[in-house]
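Chain letters run A, B, ... following the sequence lines, proteins first and then strands; every chain starts at 1. Since this is a predicted model, take the numbers as computed values, not measurements.
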Amino acid sequence: MAEESRDVLEAVRAEKLKKIAESGIDPWGHRFDGHQAVAATRAIELPKPAEGQTPEPGPTVRIAGRIMLKRGQGKVVFLDVRDWTGRIQVFIGKKQVGDEAWALVELLDLGDLLGVDGTLGYTRTGELTVFATALTFLGKSLTPPPEKWHGLTDQEIRYRRRYVDLFSNPESLRTFLGRSTIVRTFREVMHRRGFVEVETPTMQAIAGGAAAKPFVTHHNALDVELFLRIAPELYLKRLLVGGMERVFEIGRVYRNEGISPKHNPEFTMMEAYQAYGDYHSMMDLTESLICAAIEAIGGGFIRAWGEKTIDFTPPWPRRRYLDLLRQYAGIDPEDFDAVKARARDVGVETEGRDRDVIISDLFEATVEDALIGPAFVIDYPAAICPLTKRKASDPRIAERFELFVDGIELANAYTELNDPRLQEELFRSQLAGQKEEDSMAKMDEDFVQALKNAMPPAGGLGIGIDRLCMLLLNKPSIRDVVLFPLMRPQAPRAAEGEEAEEG
RNA sequence: GACCGGGUAGCUCAGUCGGUAGAGCAACGGACUUUUAAUCCGUUGGUCCUGGGUUCGAGUCCCAGCCCGGUCACCA
């Protein structure tokens, strides 16, 4: 039998569950009031007994958590119990808890959930310990947990069974609590600055606001094709027209592209729009947000990033796009022949392509990886920015910035284009030059119509939350900061006599 | 999509030249009232990812496929 080994292990636990139930205890537990977090319990100030002295009876405590280790010693057992704040040792003596509770102790397995009442104190080896006086069974683990020392290391199982990863690898839990802190901090900063949080459609008839292939779905009653949004941008700007002067949205966007350590098909963006601001307002906001997040999760502004160290100490440099290109590509961007020659050197296709698109690829190939510390790249070639206001002094330059850290694009922001006629023209010209799905500018008649009502001049910002979490929590893959990353569904187990169907 | 690496007990991993499938942890039985990955004695546990092929004999070699990871490409 394929699953014999697992079946035996689970049968043993099922038998224990039965015995627990027969003893009159609900093996699935119930409400358990008044317990305190393990971290709070550990924080209780308790003088260590002096050498050879009988310790004073400590305070009464009540905790709850999962049994991670069990060290039996005859008529005494030591447990390591863990909740989401930490671990603590529990001492259970047969004489101390009585025969009835002891019968339960003999049925406890690693992975079970247990509530413990007891007194806090130190063992003779000096370990802070809950000396149990009563036990409350809170849940039977019917399947064995991973190995107690190594935890779960198989990447695939860590992603597919995140619940096991979370309780068996403390670092994983710490990471996701850190992500939550980062997102909460973003909301706090935004609210403090007078932004309101809104929700806009994730199913859209026109997937605009970014350049990406969308997921397609269908609404039955309306019998229409809809797309999962690739960005909330065009809806949020409609709200600016409506007079919501400072809006933001933290939400999932979906892009039907490849999967990589930096790409998950669904990911979280925060977009924000501020009426009467510009891209410089957005740079200030970006720096404030990320610095506040760093302070919230701790660890300081100088942070480990893999083998590297990144200094987030503000203010971050603001470098012009074309200046960086001159410096790192070593060419004059005005000299198109030189641009093409250099582009070919680094493997960028030049034949029949727009000048600014070639420059954009050249920039990616030569500059982006060279920017290690956080750096705002500002003032992009206008042709690659169809939603961005042009500089009054030079219409070939768009008022856009991107924030880079170690070659990773963390944020993208503009002074928003609010001229409806120019917007319509840019939509049309972009559409003419490119395949629609490759274009950032999909014609959206209603959006142009919105702009005709006068959208206030504004700054707009998008920040990739997942990538920020990777950088701040020092995780090399986006899958380490997404709770349930997209995986290929597992083939269904072959039914008896049938072979698994192939697609 | 291309290339590289991986898939062996519930978990973490060995497996030599092709010759009976291994360890630790977990589990089970026993000893133990202050352990620290407790210890000690004993026992159980396998679709070696799948399917072909070579061979007297394949976890091992060959071919094809599946899944995962990494790098690159596309993208944020």
Counting only Watson-Crick or G-U wobble pairs whose two distances fall under 3.5 Å, which nucleotide matches [N]?
{"N": "G1(B)", "result": "C72(B)"}
{"N": "A31(B)", "result": "U39(B)"}
{"N": "U50(B)", "result": "A64(B)"}
{"N": "G24(B)", "result": "C11(B)"}

Answer with yes or no whether Thr153(A) presents, from its side chain, a donor or acceptor under 3.5 Å of a partner atom in the base of U12(B).
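It does not, because no donor-acceptor pair links the side chain of Thr153(A) to the base of U12(B) below 3.5 Å.
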
Same-atom distance ([atom1]) from [N] to [M], integer angstrom:
{"N": "U44(B)", "M": "G19(B)", "atom1": "C1'", "answer": "27 Å"}
{"N": "C28(B)", "M": "U20(B)", "atom1": "P", "answer": "32 Å"}
{"N": "C25(B)", "M": "U39(B)", "atom1": "C1'", "answer": "14 Å"}
{"N": "A38(B)", "M": "C48(B)", "atom1": "P", "answer": "32 Å"}
{"N": "C40(B)", "M": "G45(B)", "atom1": "P", "answer": "23 Å"}
{"N": "G59(B)", "M": "G18(B)", "atom1": "P", "answer": "13 Å"}
{"N": "U8(B)", "M": "C41(B)", "atom1": "C1'", "answer": "28 Å"}
{"N": "G51(B)", "M": "G29(B)", "atom1": "P", "answer": "36 Å"}

Can you spot which of Lys262(A), Arg179(A), Arg252(A) makes a salt bridge (Lys or Arg N to Asp or Glu O under 4.0 Å) with Asp466(A)?
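One option only clears the test, and that one is Arg179(A).
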
Nearest-Å distance, [atom1] ([X]) to [atom2] ([N])?
{"X": "Arg488(A)", "N": "G7(B)", "atom1": "CZ", "atom2": "C1'", "value": "16 Å"}
{"X": "Asn264(A)", "N": "C68(B)", "atom1": "CG", "atom2": "P", "value": "13 Å"}
{"X": "Arg162(A)", "N": "C68(B)", "atom1": "CZ", "atom2": "C1'", "value": "14 Å"}
{"X": "Phe78(A)", "N": "A37(B)", "atom1": "CZ", "atom2": "P", "value": "13 Å"}
{"X": "Leu120(A)", "N": "U34(B)", "atom1": "CG", "atom2": "C1'", "value": "16 Å"}
{"X": "Leu142(A)", "N": "G10(B)", "atom1": "CG", "atom2": "C1'", "value": "14 Å"}
{"X": "Tyr122(A)", "N": "U35(B)", "atom1": "OH", "atom2": "C1'", "value": "17 Å"}
{"X": "Asp154(A)", "N": "G70(B)", "atom1": "CG", "atom2": "P", "value": "12 Å"}

Any side-chain donor-acceptor pair under 3.5 Å between [X] and [Y]?
{"X": "Ser141(A)", "Y": "Arg66(A)", "value": "no"}
{"X": "Tyr159(A)", "Y": "Asp480(A)", "value": "yes"}
{"X": "Tyr321(A)", "Y": "Glu402(A)", "value": "no"}

Name the nucleic acid region contacted by Gln73(A), choosing base, sugar-phosphate or nothing; use a 4.0 angstrom heavy-atom cut-off, strictly under.
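Base contact - Gln73(A) has a heavy atom under 4.0 Å of at least one base atom.
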
How is Asp361(A) classified with respect to the nucleic acid when contacts are heavy atoms under 4.0 Å: base, sugar-phosphate, or nothing?
nothing

Can a salt bridge be assigned to the pair [X] and [Y] using a cut-off of 4.0 Å between side-chain N and carboxylate O?
{"X": "Arg318(A)", "Y": "Asp284(A)", "value": "yes"}
{"X": "Lys140(A)", "Y": "Asp109(A)", "value": "yes"}
{"X": "Arg87(A)", "Y": "Glu127(A)", "value": "yes"}

Around atom CH2 of Trp305(A), are there more than 12 heavy atoms from other residues, nucleotides or ligands closer than 6.0 Å?
yes

Check whether more than 12 heavy atoms from other residues, nucleotides or ligands sit under 6.0 Å from atom CD of Glu100(A), and answer yes or no.
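Result for CD/Glu100(A): open.
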
Return the residues of residues 80-94 of chain A meeting this criterion: a heavy atom under 4.0 Å from some atom of RNA chain B. Order them by number, or give none.
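Residues of residues 80-94 of chain A that come under 4.0 Å of RNA chain B are, in numerical order, Gln89(A), Phe91(A).
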
Indicate whether Phe267(A) forms a stack on A76(B); treat it as stacked only if centroid distance is below 5.5 angstrom and interplanar angle below 30 degrees.
yes

Counting side-chain heavy atoms from CB outward, which of [options] is closest to [X]?
{"X": "Leu69(A)", "options": "A38(B), A76(B), C11(B)", "result": "A38(B)"}
{"X": "Leu152(A)", "options": "U71(B), A73(B), U12(B)", "result": "U12(B)"}
{"X": "Gln96(A)", "options": "U33(B), U35(B), A73(B)", "result": "U33(B)"}
{"X": "Ser260(A)", "options": "C68(B), U35(B), A73(B)", "result": "A73(B)"}
{"X": "Ile157(A)", "options": "C11(B), A76(B), C68(B)", "result": "C11(B)"}

Below the 4.0 Å mark, does [N] have OP1 or OP2 next to a side-chain nitrogen or oxygen of [X]?
{"X": "Arg467(A)", "N": "A76(B)", "answer": "no"}
{"X": "Arg6(A)", "N": "G46(B)", "answer": "no"}
{"X": "Arg71(A)", "N": "A38(B)", "answer": "yes"}

For Phe131(A) and Arg161(A), find the nucleotide of RNA chain B closest to each by heavy atoms; which residue's nucleotide sits nearer the 5' end?
Arg161(A)

First encountered from the 5' end of RNA chain B, between Gly126(A) and Glu364(A):
Gly126(A)

Using a 4.5 Å cut-off on heavy atoms from C-beta on, say whether the side chain of [Y] contacts that of [X].
{"X": "Asp99(A)", "Y": "Lys94(A)", "result": "yes"}
{"X": "Leu486(A)", "Y": "Asn264(A)", "result": "yes"}
{"X": "Arg42(A)", "Y": "Ile88(A)", "result": "yes"}

Give the B/S/- string for nucleotides 21-31 of chain B, one per nucleotide from 5' to 3', where a protein heavy atom under 4.0 Å of the base yields B, of only the sugar-phosphate yields S, and otherwise -.
---BBSSS---

